[in-house]
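Structure, as structure tokens:
Throughout, numbering of the chain's residues begins at 1 and tracks the sequence. Read the numbers this way: they start at 1 and go in the same order the structure lists the ligands and their atoms.
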Amino acid sequence: MQGVFITIEGVEGSGKSTQLLRLSEHLRRLGLPVVVSKEPGGTALGRELRRLLLERHDSGETWCSEAELLLFYADRAQHLETVIRPSLAGGKVILVDRFEDSTRAYQGASGVAEATLDRLSELVLRGLRPNLTVLLDMDPEVSLQRVEVRNLALGGEFAETRFDEAELDFHRRVRNRFLVIAQNHPNRVALVPARDPVDQVETAIWVRVAPLLRSAGFGVD
Ligand code: TYD
């Protein structure tokens, strides 16, 4: 039996982690074989790359967009080879926090050409696509406020994090790119309004996940 590949996407602060946790717990309670992972950072190599990618601003050097892009794809290549493809071959339900659509949205919004993304995607993914992508959609103005509140609560170095107008504008472009992806792939992408109460968002996700699992032969009732 072939597994099922589900990704969850959205701007920062859209509630991906909470919903991924809830979905994985739900599936485990039903006795399904679940693997939870994320990008960047789903492998040992990926964790090194994640550290580089997310702490890069400390180095003071501006990275060229292709260098950054290739690091995200290096993370993805290793993740596909050692986690995603083996999980699918082993009949698991694999849930991944961010995947290809994040690259399309974020690196696309940073100015990487569509044709470059197409070529790398073909090289690394070799046609593999998620069976379902849950897109948690939210206005970045609201979601980034959530992130600021969370950072303030964490204290220390995070307490200083504030998003300025240029960053807000970047995240608006990211959101719009996610929305275009959803429009272009209506069968794969489930667009879920993320401002609704957490329980309601969870239900909206389940309404899309359950039929997919049933059709793949998993008992979810
Ligand atoms: P992360 O801490 O996982 O953010 P979040 O909790 O919001 O998911 O950080 C991942 C960051 O990397 C996030 O800003 C999105 C970005 N990213 C890309 O720019 N390109 C990609 O291909 C991926 C997977 C993530």
Side-chain angles (χ1 to χ4, degrees), residues 5-24 36-43 45-58 62-80 83-84 94-114 116-125 128-130 133-151 153-154 157-158 161-164 166-178 181 192 194:
F5 181 20
I6 299 173
T7 59
I8 185 156
E9 301 276 10
V11 292
E12 268 114 300
S14 56
K16 288 185 292 95
S17 316
T18 305
Q19 293 299 335
L20 198 71
L21 184 67
R22 286 186 173 216
L23 178 59
S24 63
V36 179
S37 196
K38 67 171 175 186
E39 291 191 4
T43 63
L45 171 63
R47 283 184 284 282
E48 290 291 309
L49 294 170
R50 181 185 174 86
R51 198 176 48 73
L52 274 172
L53 282 160
L54 302 188
E55 291 172 13
R56 64 184 182 272
H57 298 299
D58 297 344
T62 307
W63 289 12
C64 78
S65 53
E66 283 80 10
E68 182 186 61
L69 178 72
L70 289 168
L71 290 181
F72 279 115
Y73 273 110
D75 169 73
R76 185 156 306 134
Q78 182 74 5
H79 195 214
L80 276 162
V83 178
I84 298 176
I94 173 151
L95 310 178
V96 179
D97 187 345
R98 296 197 183 281
F99 187 64
E100 176 71 10
D101 297 323
S102 274
T103 313
R104 298 261 166 187
Y106 283 82
Q107 276 62 58
S110 302
V112 175
E114 218 61 49
T116 308
L117 294 168
D118 286 343
R119 281 161 69 186
L120 277 170
S121 171
E122 195 182 317
L123 183 80
V124 174
L125 269 64
L128 185 74
R129 291 285 177 278
T133 295
V134 174
L135 173 58
L136 294 182
D137 177 53
M138 196 163 177
D139 182 345
E141 197 136 0
V142 178
S143 75
L144 295 181
Q145 262 168 25
R146 280 191 187 176
V147 176
E148 285 182 355
V149 170
R150 194 165 64 200
N151 287 343
L154 284 172
E157 55 175 310
F158 298 106
T161 312
R162 286 275 184 284
F163 295 95
D164 58 27
E167 284 168 308
L168 192 57
D169 194 54
F170 172 74
H171 285 94
R172 285 196 189 106
R173 293 204 305 279
V174 170
R175 181 207 195 182
N176 288 337
R177 282 178 174 268
F178 275 134
I181 293 169
V192 175

Q) Which residues satisfy the salt bridge (Lys or Arg N to Asp or Glu O under 4.0 Å) test with D139, sequence neighbours excluded? A) none
Q: Considering the heavy atoms of T103, write down every atom of ligand 1 situated less than 4.0 Å from one of them.
A: 21 (C), 22 (O)
Q) With no hydrogens and no angle check, is any side-chain donor or acceptor of R76 less than 3.5 Å from a backbone partner on P40? A) no
Q. Between E39 and ligand 1, does any nitrogen or oxygen pair lie at a separation below 3.5 Å?
A. no
Q | 4.5 Å side-chain heavy-atom contact, L120 and F72 | A | no
Q) Which atoms of ligand 1 have any heavy atom of Q107 under 4.0 Å away? A) 18 (C), 19 (O), 20 (N), 21 (C), 22 (O)
Q. Among T43, D75, L54, whose side-chain contact (heavy atoms from CB on, under 4.5 Å) with L49 holds?
A. D75
Q | Contact partition for L54 relative to ligand 1, non-hydrogen atoms under 4.0 Å | A | side chain
Q. Does an N or O from E12, backbone or side chain, lie closer than 3.5 Å to an N or O of ligand 1?
A. yes
Q.
Considering non-hydrogen atoms of the protein only, which is the closest contact for atom 25 (C) of ligand 1, and what is the distance?
A. F72 CE2, 3.5 Å
Q | N/O separation below 3.5 Å, K16 to ligand 1 | A | yes
(Q) Heavy-atom pairs closer than 4.0 Å: do any link ligand 1 to the side chain of R98, the backbone, both, or neither? (A) side chain
Q.
Run the ring pair (Phe, Tyr, Trp, His ring centres under 6.0 Å) test against F178 and tell me which residues pass, sequence neighbours left out.
A. none
**Q.** Ion pair check, E12 and R146, cut-off under 4.0 Å
**A.** no
Q: Answer with side chain, backbone, both or neither: which part of R76 has a heavy atom less than 4.0 angstrom from an atom of ligand 1?
A: side chain
**Q.** Side-chain (E167) to main-chain (D164) donor-acceptor, under 3.5 angstrom
**A.** yes
Q: With heavy atoms only and a cut-off of under 4.0 Å, state how R50 meets ligand 1: side chain, backbone, both or neither.
A: side chain
